[in-house]
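Supplied in structure tokens, the structure appears directly below.
The chains referred to below are lettered A, B, ... by the order of the sequence lines, with proteins before strands, and numbering in each begins at 1.
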Amino acid sequence: MFTLTGTTSPGRRGVLSTPHGEIQTPFFMPVGTAGAMRGITHEDLLSLGAQILLCNTYHMHLQPGEEIVREAGGLHEFIHWSKPILTDSGGYQVFSLRGSNSIEDHGVHFRSHINGDPLFLGPESAIRIQHALGADIIMCFDHCPPSTAARAEIEQAVDRTLRWAQECKTWHREYSTGKENPPMLFGIVQGGLEPDLRKKCAEELIAMDFDGYAIGGLAVGESPQEMYDVVDAVCPLLPEEKLRYLMGVGVADQLKKCVAKGVDMFDCVLPMRLARHGHILLADGTDIRIRNTEYKSAHIPIDPLSPSALSRTHTRSYLHHLVRANERLGETIACMQNMGITLQTMQRMRAAMDEEI
RNA sequence: GCGAGAUUAGCUCAGUUGGUUAGAGCGUCCGGUUGUGGUCCGGAAGGUCAUGGGUUCAAGCCCCAUAUCUCGCC
């Protein structure tokens, strides 16, 4: 259950209650696609202030499979994470794995990226798998097209997304019967950069009454301004008392702007990807490429103001060396740093809101 | 001392029977990455082809000398 506690100039402040504890909003979700963050432990992630973890239906279904997770006692037990979990439906893989899948009216035919096995995901299977995994928040199976696609393709994606949302809702009700704590189900607004399609999609989803609403199909090739325009167009249409989730956005500046526009939750792989490529975010808002020679002899802390203890105690010269030497610890330090900075960005926004309330 | 081999980008090396502007990997620098098929992707800078002669319309490539290095033999 979501409780909005205040609407301030930096954005909406609230609390989300789940069977696995409360989440202070607005918040950012670290992406642990296959049930883990690369190179960092759950404990380390918690120490940075993570409140929830995102896992992926497509990936968990392929490996190890939801039956293994179910027999282990559900995702929380299986991965030993006691805080809330959100599972993404696999709809994004329609976009990210385009070229190796084919879309039809009832769902999407994938080929496993691991061994080529055929795999079909649609509204029923996506909801069934997510229920078996046992997350606190699950997502409708949607059709995510490139934001720059032709209007006809966007229109078709919206129609599919809406039809599938209705089916997801039905199957969700079916799989929830007899459950003490059924998960929350979020609908996903598609519509590319077309304001009228976004509006249509939002309004029809709202009529179906979901527990929260995501804005999908952004951060997939359009400019930041185009993205902001869509957020500006969609947010005012969404019900005040429900969570708004902007999918796939995680650049600090974009987080701040979108929170101000009324978004409550985000997820993004970018901070981790940047970290793995040696691109380090700093607490003062700047960033550095630690592989560059200028850091070879930089015997100063990576980031003295970092929320990650590793970055306060280890030097830039050491991280430069670790990354160049392809040492695992380098990836860990970099990931802790970038995730710490991203989570800290959200914490600071919440603190600023609390001062206003 | 004798013999063989080597010498091309910062490093390790390709370079066809001699034929436009000599290539690659790594390294350097600059970009990119957004609901994870990503130790990834794109671009740039960087060379008197050891030195000096010669043959040829044309030499990194063929010939001679010199230097340096490696290996082997006295």
For the pair made of CG in Asp287(A) and P in U34(B), what is the distance, rounded to whole Å? 16 Å

Does some side-chain heavy atom of His109(A) sit less than 4.5 Å from a side-chain heavy atom of Pro118(A)? no

Non-neighbouring partners of Tyr92(A) that pass ring pair (Phe, Tyr, Trp, His ring centres under 6.0 Å), sequence neighbours left out: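 Ring pair (Phe, Tyr, Trp, His ring centres under 6.0 Å) check on Tyr92(A) returns Phe95(A).
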
Among all residues two or more places apart in sequence or in another chain, which pass the ring pair (Phe, Tyr, Trp, His ring centres under 6.0 Å) test with His42(A)?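 For His42(A), the residues satisfying ring pair (Phe, Tyr, Trp, His ring centres under 6.0 Å) (neighbours in sequence not counted) are Trp81(A).
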
Taking atom P in both G5(B) and G52(B), what distance in whole Å separates the two?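 The answer is 24 Å between these two P atoms.
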
Taking the six-membered ring where the residue is Trp, are the ring centres of Phe110(A) and Phe120(A) under 6.0 Å apart?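 Not under 6.0 Å, so no.
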
G3(B) and C61(B), which share atom name C1', separated by this distance in whole Å: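 Approximately 24 Å lies between the C1' atom of C61(B) and that of G3(B).
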
If the condition is ring pair (Phe, Tyr, Trp, His ring centres under 6.0 Å), which residues does Tyr175(A) pass it with, not counting sequence neighbours? His131(A), Trp171(A)

May I ask you to list the residues of residues 158-169 of chain A, by number, that have any heavy atom positioned under 4.0 Å from an atom of RNA chain B? none

Taking NE2 from His320(A) and C1' from G27(B), how many angstroms apart are they, rounded to a whole number? 11 Å

Expressed in whole Å, how much space separates the C1' atoms belonging to G46(B) and A24(B)? 14 Å

Taking the cut-offs as 6.0 angstrom to the six-membered ring centre and 45 degrees off its axis, would you call Lys242(A) and Phe210(A) a cation-pi pair?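 Not flagged: Lys242(A) not positioned over aromatic ring of Phe210(A).
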
Starting at atom CD of Glu222(A), determine the distance to atom P of G32(B), rounded to an integer number of angstrom. 16 Å

Take atom P in A9(B) and the same atom in U66(B), then report the distance between them in whole Å. 25 Å

Check the pair Asp105(A), Arg160(A) against salt bridge (Lys or Arg N to Asp or Glu O under 4.0 Å), reporting the backbone distance first and the verdict last. CA-CA 7 Å; Asp105(A) 285 345; Arg160(A) 282 210 184 94; 3.7 Å; yes

Return the nucleotide paired to C26(B): Watson-Crick means purine N1 to pyrimidine N3 with N6-O4 or O6-N4, wobble means G-U with N1-O2 and O6-N3, both under 3.5 Å. G10(B)

Any chance you could list the contact pattern along nucleotides 35-43 of chain B? Use B for base contacts, S for sugar-phosphate-only contacts and - for none, protein heavy atoms under 4.0 Å, 5' to 3'. BBBBBB---

Given salt bridge (Lys or Arg N to Asp or Glu O under 4.0 Å), test Asp196(A) with Arg151(A) step by step and report yes or no. CA-CA 11 Å; Asp196(A) 60 315; Arg151(A) 183 180 164 91; 2.7 Å; yes

Listed by chain and number, what are the ring pair (Phe, Tyr, Trp, His ring centres under 6.0 Å) partners of His80(A), not counting sequence neighbours? none

Atom P, compared across C2(B) and G18(B): separation rounded to whole Å: 32 Å

